[in-house]
*Asks:* 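Here it is: the structure, laid out below.
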Amino acid sequence: MAKKRKRRQSSSISKGLILGFGIPLLLLLILYIVFIFYFRTHFFLRTEINHLSVGGMTLEEAKEKLKEECASYLLTIYDRDGNKYHINASDISYTYVPGKEEEKLLNSQKAWQWPKCLFSDSALTLKTTVTYDEELLSDAVLALPCFLPENITEPADAYIEKNDDGYSLVPETPGTHLLPEQVQKKAALAVADGEDTLTLTDEDYLAPSVTCEAPVLTACMDTIDTLLSTTITYDIADEEEILDKETVANWIILGEDYSVSLNQTKLSAYVQSLASKYNTYADPRNFITSKGDTVLVGGGDYGWIIDKEKEAEQISTDLSTGKAITREPIYQQRAISRESDDIGNSYVEIDYTNQHLWYYKDGSLVTESDIVSGKLANGNGSPDGVFKIVYKQSPAVLKGEDYESNVTYFMPFAYNVGIHDADWRSSFGRNIYLNSGSHGCVNVPLECATAIYQNIEVGTPVVAYYREPVTLTSNSAKISNAYSYVDPEEKKATGTDTP
């Protein structure tokens, strides 16, 4: 009896355990199966379609929510300056059109896997089908504030301008002129794709025709920079003359095609200013005589002469180098010294009034002598001014219209007028020259001519002067630019005997 009682008791415990565990498991199984059927028509919990929560919704409910979402659609357009503009769904009749894709998404979820939705999210992507009025969209784009005339700034081309520092390259101005068709096209694509933002780029704007990187501008600036970086320092004794960028900048001419040239008129004017300042040709000079007084000597053909044409050409060449250059001007004629006293300390001095000549070499007197100069009575007075020894000849034959003379030494200094010996004369000095002077040459004794000829060099200055006003009318005086030359016709018209 005891054994039977134990068996019954054991059997009761087993049945209790089975019932205790079996019923919950059965309930869970039933629940699992129920939800399998449920999620065949509902989206899993924690499901999003295009970031829109549709968890637990039926297909129709999800479509309705997507439709509501489309009704609140907003396209935000950013221009390149960061300004933003909006187009609302209502502006363009933006409407969601349900399709079969939503049902495919629902069917793609495996209902029997529904428990995983309790622990993880499900993000689904749906390419929604929408409709909108293309004409309304085009109108909405054109109605944006960025297309209003008062908000449009036209682009401006880059250009080169002159300023206080020379020239500079002014960058282009991009402007705010949007291209309507380009923006409309991009907006249509964004709306069709369901995008909610559109960022405009440079390609959507009217661009300047010329940018600061344009080869024509960079080449132009390179040329200008070369011109303005060049300096020419002229080596003119103790003077300092510098051609710098401030001056050159005023010469630059920019063509409409940004070609660069120099204003030749201004360049020539600059060279002329150099010539006016530094040429000493025929300049009046205060000359300290051998007698110790000072006389004003002008005329003649001695002195520095800048070759204006060649100097202008050289400046143009120098400016193309972009370098700092130090040089002399290009001279057509040079003098002995570049100092303010360009005569130096080797020269022949001829005092016509006192009929005397001195010859100095390196500051020392080589010889001096009385002379006979050109006959003043008939206008053949010797030319006055500062000249130079043109050449030396020994022996020489002097010829004129009515004479021919043989001399041992001839040293011309003013056209056909020169210093020479005159063995036909027995005396020199005094007032012989007034009525019995030469045809214009300076007659000296043989020993004086010899001393000069043996020591003098071609190019040595000859300073010849009268101490009183005289009138010279000879062709020699005219050609040699004598200081006291007077045109015979002018003399006749004015009735004057003095220059």
Side-chain angles (χ1 to χ4, degrees), residues 80-81 149 151-182 201-236 239-279 305-332:
R80 64 183 172 189
D81 294 324
N151 294 331
I152 296 176
T153 302
E154 296 298 332
D157 291 345
Y159 64 95
I160 295 173
E161 71 171 2
K162 189 177 186 301
N163 51 41
D164 293 339
D165 296 324
Y167 285 82
S168 61
L169 177 57
V170 179
E172 67 278 7
T173 302
T176 60
H177 190 140
L178 285 161
L179 299 172
E181 293 183 359
Q182 182 75 5
T201 61
D202 290 345
E203 67 180 5
D204 304 313
Y205 289 82
L206 180 64
S209 301
V210 181
T211 70
C212 60
E213 296 176 354
V216 66
L217 291 186
T218 56
C220 179
M221 281 304 301
D222 286 345
T223 301
I224 291 175
D225 288 343
T226 297
L227 292 173
L228 297 185
S229 61
T230 302
T231 58
I232 302 175
T233 301
Y234 288 99
D235 182 11
I236 308 177
E239 296 283 345
E240 184 178 83
E241 186 76 36
I242 300 176
L243 175 58
D244 54 23
K245 72 175 186 178
E246 283 74 20
T247 301
V248 175
N250 291 320
W251 299 353
I252 293 175
I253 299 175
L254 290 183
E256 291 184 1
D257 59 350
Y258 286 106
S259 58
V260 180
S261 60
L262 295 175
N263 186 313
Q264 294 301 312
T265 300
K266 291 183 177 181
L267 172 54
S268 296
Y270 175 78
V271 175
Q272 179 60 56
S273 72
L274 289 180
S276 299
K277 185 175 181 179
Y278 297 109
N279 281 1
I305 303 176
I306 292 176
D307 191 319
K308 292 184 284 188
E309 182 177 346
K310 291 184 178 179
E311 178 59 31
E313 291 174 355
Q314 188 60 48
I315 288 175
S316 295
T317 299
D318 291 345
L319 290 176
S320 67
T321 67
K323 298 179 180 179
I325 296 171
T326 299
R327 63 172 177 83
E328 286 187 332
I330 296 178
Y331 291 108
Q332 179 181 334

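Since this is a predicted model, take the numbers as computed values, not measurements.
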*Asks:* Do L254 and Y167 come within less than 4.5 Å of each other through their side chains, counting heavy atoms only?
*Replies:*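 Counting from C-beta outward, L254 and Y167 do come under 4.5 Å.
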*Asks:* Run through E311, K308, E313 and flag the one making a side-chain contact (heavy atoms from CB on, under 4.5 Å) with I330.
*Replies:*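 The passing option is E311.
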*Asks:* Closest heavy-atom contact between P155 and P174?
*Replies:*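 Scanning both residues, the minimum pair turns out to be CB-O, 3.3 Å.
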*Asks:* Between E154 and L206, does the side-chain contact (heavy atoms from CB on, under 4.5 Å) criterion hold? Intermediate values first, please.
*Replies:* CA-CA 8 Å; E154 296 298 332; L206 180 64; 3.8 Å; yes
*Asks:* Could you grab the distance from atom OG of S268 to atom CG of N263, nearest 0.5 Å is fine?
*Replies:*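 Between S268 OG and N263 CG, I get 8.5 Å after rounding to 0.5 Å.
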*Asks:* Looking only at side-chain N and O atoms, does E172 offer a donor or acceptor that is under 3.5 Å from a partner on Y159?
*Replies:*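 No, no side-chain donor-acceptor contact under 3.5 Å.
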*Asks:* Before you tell me yes or no, could you show the steps for Y270 and W251 under side-chain contact (heavy atoms from CB on, under 4.5 Å), namely the whole-Å CA-CA distance, both residues' side-chain angles and the distance that decides it to 0.1 Å?
*Replies:* CA-CA 10 Å; Y270 175 78; W251 299 353; 3.4 Å; yes
*Asks:* Taking side chain as C-beta onward, heavy atoms only, is I232 less than 4.5 Å from D244?
*Replies:*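 The answer is no; the side chains never approach within 4.5 Å.
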*Asks:* Is there a side-chain contact between V260 and I253 (heavy atoms, below 4.5 Å)?
*Replies:*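 No, every pair of side-chain atoms sits at 4.5 Å or beyond.
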*Asks:* For S168 and N163, does a side-chain donor sit closer than 3.5 Å to a side-chain acceptor?
*Replies:*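 Yes, a side-chain donor-acceptor pair sits under 3.5 Å.
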*Asks:* Does any part of the side chain of T226, heavy atoms only, come nearer than 4.5 Å to the side chain of T321, both counted from C-beta?
*Replies:*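 Answer no - side chains too far apart.
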*Asks:* For the atom pair CG (D222) and CD1 (I224), what is the distance rounded to the nearest 0.5 Å?
*Replies:*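 Between atom CG of D222 and atom CD1 of I224 there are 9.5 Å.
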*Asks:* With rounding to the nearest 0.5 angstrom, report the CD1 to OG1 distance, I152 to T176.
*Replies:*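 One finds 6.5 Å between CD1 of I152 and OG1 of T176.
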*Asks:* Show the nearest heavy-atom pair for residues A158 and T211, with the distance to one decimal.
*Replies:*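 Answer, listing the atom of A158 first, then T211: CB-C, 3.5 Å.
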*Asks:* Flag the pair Q332 / K310 as yes when at least one side-chain heavy-atom distance between them is below 4.5 Å, and no otherwise.
*Replies:*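 A side-chain contact under 4.5 Å is absent here.
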*Asks:* With a 6.0 Å cut-off (strictly less than), is the heavy-atom count around NZ of K323, excluding the residue itself, greater than 12?
*Replies:*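 Check fails, neighbour count at 12 or below.
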*Asks:* May I ask you to check whether S276 and Q272 show a side-chain donor-acceptor distance below 3.5 Å?
*Replies:*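 On atom types as modelled, these side chains qualify, holding a pair under 3.5 Å.
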*Asks:* Would you name the heavy atoms of A156 and P208 that are closest together and state the gap between them?
*Replies:*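 Looking at all heavy atoms of both residues, the closest pair is O-CB, 3.7 Å.
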*Asks:* Identify the heavy atoms of A249 and G166 that sit nearest to each other, and give their distance.
*Replies:*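 Minimum heavy-atom contact is CB-CA, 4.5 Å.
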*Asks:* L169 and L217: which non-hydrogen atoms are nearest, and at how many Å?
*Replies:*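 Looking at all heavy atoms of both residues, the shortest contact is CD1-CD1, 3.7 Å.
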*Asks:* Any side-chain heavy atom of K245 sitting closer than 4.5 Å to one from T247?
*Replies:*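 No, too far: nothing below the 4.5 Å cut-off.
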*Asks:* Nearest 0.5 Å please: distance from the CD1 atom of I325 over to the CG atom of L319.
*Replies:*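 One finds 8.0 Å between CD1 of I325 and CG of L319.
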*Asks:* Which value, rounded to the nearest 0.5 Å, describes the distance between L243 atom CG and T231 atom OG1?
*Replies:*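 Rounded to the nearest 0.5 Å, the CG-OG1 separation comes out at 8.5 Å.
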*Asks:* Step by step, would you call Y234 with E239 a side chain to side chain donor-acceptor pair (under 3.5 Å)?
*Replies:* CA-CA 8 Å; Y234 288 99; E239 296 283 345; over 6 Å; no
*Asks:* Ion pair present between R80 and D202, side-chain N to carboxylate O less than 4.0 angstrom?
*Replies:*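 Yes.
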*Asks:* Nearest 0.5 Å, please: how far is CG in L262 from CG in N250?
*Replies:*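 Answer for the CG-CG pair, N250 versus L262, is 12.0 Å.
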*Asks:* Please examine the side chains of M221 and I160, heavy atoms only from C-beta on, and report whether any two atoms are closer than 4.5 Å.
*Replies:*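 They are in contact (side-chain heavy atoms under 4.5 Å apart), so the answer is yes.
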*Asks:* Looking at every heavy atom in both T317 and S320, which two are closest together, and how far apart are they?
*Replies:*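 T317 and S320 have their closest heavy atoms at O-OG, 2.6 Å.
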